[in-house]
Amino acid sequence: MTQAEIKLCSLLLQEHFGEIVEKIGAHLIRTGSQPLRVIAHDTGTSVDQVKKALCVLIQHNLVIYQVHKRGVVEYEAQCSRVLRMLRYPRYIYTTKTLYSDTGELIVEELLLNGKMTMSAVVKKVADRLTETMEDGKTMDYAEVSNTFVRLADTHFVQRCPLVPDSENLDTGPPPPAPTLVIHEKDMYLIPKLTLIGKGKRRRSSDEDAAGEPRAKKRKHTDDRQPIPDDGIYWQINLDRFHQHFRDQAIVSAVANRMDQTSSEIVRTMLRMSEVTTPSSAPFTQPLSSNEIFRSLPVGYNISKQVLDQYLTLLADDPLEFVGKSGDSGGGMYVINLHKALASLATATLESVVQERFGSRCARIFRLVLQKKHLEQKQVEDFAMIPAKEAKDMLYKMLSENFISLQEIPKTPDHAPSRTFYLYTVNVLSAARMLLHRCYKSIANLIERRQFETKENKRLLEKSQRVEAIIASMQATGAEEVQLQEIEEMITAPERQQLETLKRNVNKLDASEIQVDETIFLLESYIESTMKRP
Amino acid sequence: MAEVKVKVQPPDADPVEIENRIIELCHQFPHGITDQVIQNEMPHIEAQQRAVAINRLLSMGQLDLLRSNTGLLYRIKDSQNAGKMKGSDNQEKLVYQIIEDAGNKGIWSRDIRYKSNLPLTEINKILKNLESKKLIKAVKSVAASKKKVYMLYNLQPDRSVTGGAWYSDQDFESEFVEVLNQQCFKFLQSKVELSMEDIETILNTLIYDGKVEMTIIAAKEGTVGSVDGHMKLYRAVNPILLPTGLVRAPCGLCPVFDDCHEGGEISPSNCIYMTEWLEF
């Protein structure tokens, strides 16, 4: 783990879970897998607290445990999983676009709680949705569970590994920590539940009037109902979301380069390959033109001939996203996933070079990318940039490690005057360098956001107090005049300051998400390249 | 009456006559005549007289001396040139010959020295002379800006010397390149597919800018712009990715990125770039 990654993880843990969890988590990330006692000793916290922190981390799938020989249980933090926390908003938003508000809330609940049973999720989401509905209407459990089933069918949520049912329970003492397993076929199996009920609105007025007894009674009622699917916990399937993001990126690239129709065709092909192709494969399964024609969305009335023309065009395009692999069934086409990711990663690199150094530098960069290895003189000739400027730009990019030099000696003694120096771009290492920079950038953005909030802490607290006072006064039926008086406690410049603060925090937040998009592209590319045989 | 011994010269033993005869012969055989031919024509002339006449013609620049595999050939020189060189001496003629042979690539003064074996001072004098007579000119090479190559006055310098259309007066016309760059792009944007030949290098720079892509298709010989059965087609394209997320944050473009850490002189909390960006 690089310094930047560790810093970012510790910032995220602190923001979401607090000081203690952050201390334990950061320690585990830095030192690797350790047993419980060692953690407690090294961090100087009590064993009890360490246990609680580990519970939280395990619940959120950030820490895994393993039983080693001699019965020692070691805990290991997963740095990459911690970094996924940056992407939570994107997951929630994607579900919203696909499954509307119900799906959005389901995913949000699962992300906030790490693991939950289906019935708990359904109940909570129904309650939340009922809050937002008009008076008198409630959300039916059936609708929520339908959405849940759909999410499971499309593999966006999956079951967590379970304790295996072992027949021979009395062979020696049980292990200190159970090893959780789950079968592939069980992962998306919905438990047979009949969830009947409706969402309950939290009636604040009743609560206040009746006071304690009512609240107690409600809680008692809840406890009495047994939970039918106890032990079957669900979690978010991050890989599936990543696959979806990757498909989105490819489709939008095709739409930018060609037109809407071709991007729709590519989207159809990707959708058909969702379940047949593993996410790390370099190519999708071959799809025949007839199949694609049948699977096109209903709204698209293009004839078979036009579809064939589009497919040929896509296959011949210099981008090489789509390839033709055979002629049976009207032409077999595959999507070249690895090439698509590589193109997107290089486009990212090019865009960074363009924004940082200027468009002429970007021209040189693309030139060296295309021609693989070039001498100084050749760079000047091809790019049509004067020699002095070209040299300056090449050295600048060299110092920032976007371009590297390849030495080819003419003589065995490697004398500099008798050596060829060729400029080249190593995409993989440049991508890694840029990824590291992204991590540090996000850490900077988070720190700035926290700093801004801390600066205005006093003001924020004051505004919160005022809001609380107003809310309580409204509840007890105060007059307009009194409310106005309280509101005026916050002066106009203070209000202005609050506005600015809110705007800045939003801007920094949005920027974090944007940088995370870059991280996603670069990470997918690096992963795809490393997995190739 | 003293007997004056007059050497009766045969009517055409007059040196001028000999020369004129030789010139006539050369005109008859424009590809050149050998010594043998002259001898056959004028058998009564002694070898020495012949030699004198030929030398005179050579020095006057009316004859060219060439070597062939059979022997020496004398060829009539172009009358226009012959007029020019009147008054120049042998050395100048030699230097002029060398420069002429270099064609439109021109020749460097050091190379002239090697070829003619004349000392540097002589060469410089001769070159100055020839330049003032407007027979040769000096062209600055674009490869090494201190080098001057000499070529005949009326020749166009070769592309490799002046750098072609992109150089004017030995300075790289970067503005010209930029303007053409933009124009080609606009031109291509409005048309769907088009094949171009002459400004291929500019189009290549557009490709490297990522605004244009090129495909090679098989074309019939004889269609406009086809070379060896291929044709290059250019098409304006959009980039496949909008400016990426990292560059939308100040950190992506920050020049002091590596020095920035919390608690230091440069830190996220007091970053001036961020402050500016937030006020935007």
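Scope of the values below: all heavy atoms of this structure, side chains included, with no hydrogens, waters or symmetry mates. Order of the sequence lines fixes the chain letters, A, B, ..., with proteins taken first and strands second; residue numbering starts at 1 for each chain.
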| said: Are more than 12 heavy atoms, taken from residues, nucleotides or ligands other than Gln3(A), located less than 6.0 Å from that residue's CD atom? | reply: no

Please say whether more than 12 non-hydrogen atoms of neighbouring residues, nucleotides or ligands are located less than 6.0 Å from NZ in Lys339(A).
yes

Heavy-atom proximity to chain B below 4.5 Å, by part of [X]:
X         : answer
Thr500(A) : neither
Ile442(A) : neither
Ser359(A) : backbone
Lys371(A) : side chain
Arg503(A) : side chain
Ala383(A) : backbone
Glu512(A) : neither
Asp317(A) : side chain

Option in [options] with maximal non-hydrogen atom pairs under 4.5 Å from chain B:
options                         : value
Gln370(A), Lys7(A), Met258(A)   : Gln370(A)
Glu452(A), Arg437(A), Lys454(A) : Arg437(A)
Arg363(A), Glu455(A), Arg449(A) : Arg363(A)
Asn256(A), Asp381(A), Ile513(A) : Asn256(A)

Looking only at heavy atoms, the pair that brings Phe257(B) and Lys440(A) closest together is O-NZ, 3.0 Å

Are any of the side-chain heavy atoms of Phe451(A) and Ser267(B) separated by less than 4.5 Å?
-> no

For this session: Indicate yes or no: at least one non-hydrogen side-chain atom of Asn444(A) is less than 4.5 angstrom from one of Cys260(B).
Result: yes

When rounded to the nearest 0.5 Å, the distance separating CG of Leu501(A) from CG of Leu278(B) is 10.5 Å

Here the gap from Lys507(A) atom NZ to Arg248(B) atom CZ, rounded to the nearest 0.5 Å, amounts to 13.0 Å

Chain A shares the most heavy-atom pairs under 4.5 Å, among Gly252(B), Pro255(B), Ala249(B), Pro250(B), with Gly252(B)

